[in-house]
Amino acid sequence: MFDTHVNLHAEAFADDLEAVLARAREAGVTRFLAICDRFDNYHRVAEIAVGNADIWNSVGVHPHYAKDFTGLSVEALVEAAEDAKTVAIGETGLDFHYGYSAEAAQVDNFRRHIEASRKTGLPLIVHTREADDLTADILEDEFRRGPFPILLHCYTGGQALADRALDLGAYFSVSGILSFKNAKDVRAVIATIPLDRVILETDCPYLAPVPFRGRRNEPAFLIHVAEALAALHGEEDALHVASVCEENALTLFKKISS
């Protein structure tokens, strides 16, 4: 299995990261994508990847922190992406739920990341919350200027954004949210997305799936995300679904398999 979104540099893993990784490997996770949320965290994230043959990393600025990196250039992102272990741009996007960064700063940040994705050919990892229409508008506008690979991570958006993103060839990742009792709307949308466009993630240490909800999330719990996705599609074999999602992820993150 491939956990395509792990926050291994998080404080929650400061004391036992090696044990966390060991449990994940024992549970069948063979690849991890460590996510960069702030550009000044890039070297910490990259060091984790360099130290582990089965871990790769991204480079980017989460929309929450857009205000802190208004001077970040496309060139800086592209330069970081030249590292052999850096296989994606982001996470980036729009999050209007908390408003930690102003809308204009988030939009500028998003567009710079899109340009870096276009220039490098690396997938753009998109975080979007309460910003469906503007996210779709920006993706479509930028796509007209030149295509780039898109991943809508931990997808909880609506049907309209999903449909518009699918028209751009986007992939979607699902997390433990898919297993939550109150996530009926999320399941309804994910059910309409072809399985060959879906990949798995834990987004650990956040969003632990049932039956671990409320605990610190770990990559070892990825099988439970696969089980939720399998149940949604009426599949009995969660490992088969996980295998399909792994192949999808390797198709998207081409630099890993090249």
Exercise for the section: Mark yes when over 12 heavy atoms from residues, nucleotides or ligands other than D141 sit less than 6.0 Å from its CG; otherwise mark no. Expected result: yes
Exercise for the section: Only one of H5, H97, H113, H62 passes ring-ring contact (aromatic ring centres under 6.0 Å, His included) with H127; say which it is. Expected result: H62
Completion exercise
Looking only at heavy atoms, the pair that brings A81 and L122 closest together is CB-CD1, 3.7 Å
Practice task
Could you go through the side chain to side chain contact (heavy atoms under 4.5 Å, CB included) check for D203 and N217 one step at a time?
Solution key: CA-CA 8 Å; D203 201 10; N217 199 5; 5.5 Å; no
Completion exercise
Heavy atoms of P149 and G121 approach each other most closely as CG-O, 3.5 Å
Exercise for the section: Decide whether I114 and F172 are clustered together by the hydrophobic rule: side chain heavy atoms of Ile, Leu, Val, Met, Phe, Trp, Tyr closer than 4.5 Å, transitively. Expected result: yes
Problem - Check: S73 main-chain N/O paired with R112 side-chain donor or acceptor under 3.5 Å - result: no
Problem - Spatial distance of atom OG (S179) from atom CG (L232) [nearest 0.5 Å] - result: 11.5 Å
Exercise for the section: Starting at CZ of F110, measure out to OG1 of T92 and round the result to the nearest 0.5 Å. Expected result: 6.0 Å
Handout entry: Path from L124 to L152 over hydrophobic side-chain contacts below 4.5 Å
Key = yes
Completion exercise
Heavy-atom closest pair (F180 atom, P209 atom, distance to 0.1 Å) is CE2-CA, 4.3 Å
Fill in the blank from the handout: To the nearest 0.5 Å, atom CG of D95 lies from atom OG1 of T128 at 7.5 Å
Handout entry: S101 side chain to K67 backbone, donor-acceptor under 3.5 Å
Key = yes
Problem - Distance-only side-chain donor-acceptor flag, D37 / H64, under 3.5 Å - result: no
Practice task
Check the side chains of H153 and E91 for a donor-acceptor pair under 3.5 angstrom, ignoring hydrogens and angles.
Solution key: yes
Problem - Hphob cluster co-occupancy, Y65 + Y100, side-chain heavy atoms under 4.5 angstrom - result: no
Exercise for the section: Answer yes or no: is there a donor N or O on one side and an acceptor on the other, between the side chain of D132 and the main chain of G158, under 3.5 Å? Expected result: yes
Practice task
Could you check if a side-chain atom of F253 sits within less than 4.5 angstrom of a side-chain atom of T4, using non-hydrogen atoms only?
Solution key: yes
Completion exercise
Residues A230 and V241: closest non-hydrogen pair is CB-CG2, 3.8 Å
Problem - D16 side chain near R216 side chain, heavy-atom distance below 4.5 Å - result: yes
Problem - Check: V20 and P219 side chains under 4.5 Å, non-hydrogen atoms - result: yes
Problem - 4.5 Å side-chain heavy-atom contact, L33 and I256 - result: no
For residues 159-169, tabulate all N or O donor-acceptor pairs below 3.5 Å that involve a side-chain atom, not counting sequence neighbours.
| residue | atom | partner | partner atom | Å |
| --- | --- | --- | --- | --- |
| Q159 | OE1 | T192 | OG1 | 3.4 |
| Q159 | NE2 | D163 | OD1 | 3.0 |
| Q159 | NE2 | T192 | OG1 | 2.9 |
| R164 | NE | E140 | OE2 | 2.8 |
| R164 | NH2 | D137 | OD1 | 2.6 |
| R164 | NH2 | E140 | OE1 | 2.7 |

Practice task
Decide if atom CG of N182 counts as having more than 12 heavy atoms of other residues, nucleotides or ligands within a radius under 6.0 Å.
Solution key: yes
Exercise for the section: Drop me the distance from L72's CG to D108's CG, to the nearest 0.5 angstrom. Expected result: 11.5 Å
Practice task
Indicate if F2 and I193 have the same hydrophobic cluster label, given that clusters are the connected sets of ILVMFWY residues with side-chain heavy-atom separations under 4.5 angstrom.
Solution key: no
Handout entry: R25 vs N52 side-chain heavy atoms within contact, under 4.5 Å
Key = yes
Practice task
Quick one: pull up CG in N248 and CG in L200 and give me the separation to the nearest 0.5 Å.
Solution key: 9.0 Å
Problem - Presence of salt bridge, R38 and D40, under 4.0 angstrom - result: yes
Exercise for the section: Grab the two heavy atoms, one from G176 and one from V225, that are nearest each other, plus how far apart they are. Expected result: N-CG2, 3.7 Å
Problem - Heavy-atom check, side chain of L195 versus side chain of L229, under 4.5 Å - result: yes
Handout entry: Stepwise side chain to side chain contact (heavy atoms under 4.5 Å, CB included) check, Y155 with I177
Key = CA-CA 9 Å; Y155 193 73; I177 291 174; over 6 Å; no
Practice task
Go through E115 and R118 one step at a time and tell me if the salt bridge (charged side-chain N to carboxylate O under 4.0 Å, His left out) criterion holds.
Solution key: CA-CA 5 Å; E115 180 61 18; R118 186 185 292 116; 2.4 Å; yes
Problem - H43, NE2: over 12 other non-hydrogen atoms inside 6.0 angstrom - result: no
Problem - Between SG on residue C36 and CD1 on residue I48, distance to nearest 0.5 Å - result: 10.5 Å
Exercise for the section: Determine yes or no for a side-chain-to-main-chain donor-acceptor pair under 3.5 angstrom, with K255 supplying the side chain and T86 the backbone. Expected result: yes
Handout entry: Short side-chain to backbone donor-acceptor contact, Y42 and A80, under 3.5 Å
Key = yes
Practice task
Can you see which heavy atom on L207 is nearest to which on S175, and at what distance?
Solution key: CD1-OG, 4.0 Å
Handout entry: P63 vs L94 side-chain heavy atoms within contact, under 4.5 Å
Key = no
Exercise for the section: May I ask whether M1 and I190 are part of the same hydrophobic cluster, defined by side-chain heavy atoms of I, L, V, M, F, W, Y residues being less than 4.5 angstrom apart, directly or through others? Expected result: yes
Handout entry: D83 and V59, any side-chain heavy atoms less than 4.5 Å apart
Key = no
Practice task
Spell out, as yes or no, whether a donor-acceptor pair under 3.5 Å connects the side chain of T202 to the backbone of L222.
Solution key: no
Fill in the blank from the handout: So side chain to side chain donor-acceptor pair (under 3.5 Å) across residues 204-215, not counting sequence neighbours, yields none
Exercise for the section: Begin with the C-alpha distance, continue with both residues' side-chain angles, and end with the deciding distance and a verdict on side chain to side chain contact (heavy atoms under 4.5 Å, CB included) for T251 and D196. Expected result: CA-CA 10 Å; T251 299; D196 64 1; over 6 Å; no
Practice task
May I have the step-by-step check of side chain to side chain contact (heavy atoms under 4.5 Å, CB included) for F39 and D68, ending in yes or no?
Solution key: CA-CA 9 Å; F39 194 70; D68 300 327; over 6 Å; no
Practice task
Determine whether the aromatic ring centres of F143 and F148 lie less than 6.0 Å apart.
Solution key: yes
